[in-house]
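Here is the structure we will look at, set down as structure tokens.
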There are 2 protein chains.
Amino acid sequence: MSIAKIEEFTQQEQDLAAFAKLMSHPARIAILKVLAAQNACICGEIVEVLPLAQSTVSQHLKELKNAGLINGTIDGPKSCYCINWIAFEKFMADFNALFLSLHIQKEKTCC
Amino acid sequence: MSIAKIEEFTQQEQDLAAFAKLMSHPARIAILKVLAAQNACICGEIVEVLPLAQSTVSQHLKELKNAGLINGTIDGPKSCYCINWIAFEKFMADFNALFLSLHIQKEKTCC
DNA sequence: TTGCTTTATCGTAAAAAAACGATTAATAAA
DNA sequence: TTTATTAATCGTTTTTTTACGATAAAGCAA
């Protein structure tokens with residue numbers, strides 16, 4: 001039982017894990033692909049493309065929006081979503097930075 | 001109820017989601033950091049550093065190993081783990097490729 | 001051999017995520 | 001105004017994940 005055990009995970013570790021969690025479901029990746037492809041904000045069309053119920057898709061959209069990865073605005077009776085590129089780019093940069101910081105130490109393999 | 005609904009998610013979407021799921025817990029990110037920092041294969045030292053029980057750490061290691069992201073060999077009574085850089089690099093490359101394929105279409109924002 | 005260390009596995013409990021149908025709210029169309 | 005459409009939310013169930021203690025297996029040290 002070392003002293004280090006008292007420490008929780010770092011903020012960096014938690015932030016990266018939270019971003020990875022967003023990408024950890026095929027539906028959310030598919031949603032991002034649809035949004036990027038349409039370039040415009042889509043709404044119920046996503047439901048048509050995904051093999052999931054409307055309420056489930058809405059739930060996934062909410063998660064992405066809460067995390068700031070997408071923006072959403074109400075457009076009449078429809079809802080309009082698009083990717084928040086600033087946020088997405090930052091997440092990817094942080095993720096790549098982690099990888100590089102690990103990778104830089106690579107010298108030998110032992111198993 | 002469109003025809004597309006019958007289709008499941010693509011293999012690419014599932015593979016990327018599976019990798020992201022590996023990174024979706026701070027403990028597993030912390031484990032990778034320890035392995036990279038030590039460069040050599042560690043075993044029970046990971047348990048000392050993480051704020052988790054030995055059995056829980058062992059479980060996380062198993063997940064990482066099953067996915068091929070780390071290698072593990074038995075070294076006497078101890079176990080020896082290290083990062084599978086080939087696999088890790090491929091995962092990161094695929095992940096970046098997804099991002100670029102989305103990003104390339106960025107032109108305007110609508111919301 | 002006997003005891004100690006190390007780590008994987010088992011069994012289980014608690015928490016979180018995922019999914020759906022039903023309902024509601026809000027707008028647009030008739 | 002009445003009806004349609006659209007999408008968020010609610011309530012609930014199922015599944016998955018996370019976590020831990022206890023146990024077992026396997027090797028090392030005495």
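Only heavy atoms go into these numbers, but all of them, side chains included; no hydrogens, no water, no symmetry mates. Just so it is clear: chains get the letters A, B, ... in the order the sequence lines come, proteins before strands, and each one is counted from 1.
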Is the shortest side-chain N/O distance from [X] to OP1 or OP2 of [N] below 4.0 Å?
X: A:S79; N: D:dA8; answer: yes
X: B:K78; N: C:dT5; answer: no
X: A:S55; N: C:dA19; answer: no
X: A:T56; N: C:dC20; answer: yes
X: B:H60; N: D:dT17; answer: no
X: B:Y81; N: C:dT6; answer: no

Distance-only polar pair, side chains of A:K33 and A:Q38, donor-acceptor under 3.5 Å: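 No, because no side-chain N or O of A:K33 sits under 3.5 Å from a partner of the opposite role on A:Q38.
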Nearest heavy-atom pair of B:L22 and B:E63: which atoms, and what distance? CD2-O, 3.8 Å
Please give me the minimum heavy-atom distance between A:K21 and A:R28, naming the atom from each residue.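 Scanning both residues, the minimum pair turns out to be O-NH2, 3.0 Å.
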Quick check: any donor-acceptor pair below 3.5 Å linking the side-chain of A:Q59 to the base of C:dA19? yes
Taking any strand in view, what nucleotide pairs with C:dT27 in a Watson-Crick or G-U wobble way, both distances under 3.5 Å? none
Taking pairing as Watson-Crick or G-U wobble with both contacts under 3.5 Å, can you name the mate of D:dA4, or confirm there isn't one? none
Closest to the A:K21 side chain: D:dA7, D:dA19, C:dA17?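 My answer, after comparing the listed nucleotides, is C:dA17.
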Closest of C:dC20, C:dT5, C:dT7 to the B:P77 side chain is C:dT5
With DNA chain C as reference, determine whether A:H25 or A:I74 sits nearer its 5' end, using the nearest nucleotide of each.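 It is A:H25 whose nearest nucleotide is closer to the 5' end.
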Quick one: [X] [atom1] to [N] [atom2], roughly how many Å, whole number?
X: A:M23; N: C:dA17; atom1: CE; atom2: C1'; answer: 17 Å
X: B:E8; N: C:dA19; atom1: CD; atom2: P; answer: 10 Å
X: A:N66; N: D:dT9; atom1: CG; atom2: P; answer: 9 Å
X: B:E63; N: C:dT9; atom1: CD; atom2: P; answer: 13 Å

With the 90 degree cut-off around zero defining syn, does D:dA4 come out syn or anti? syn
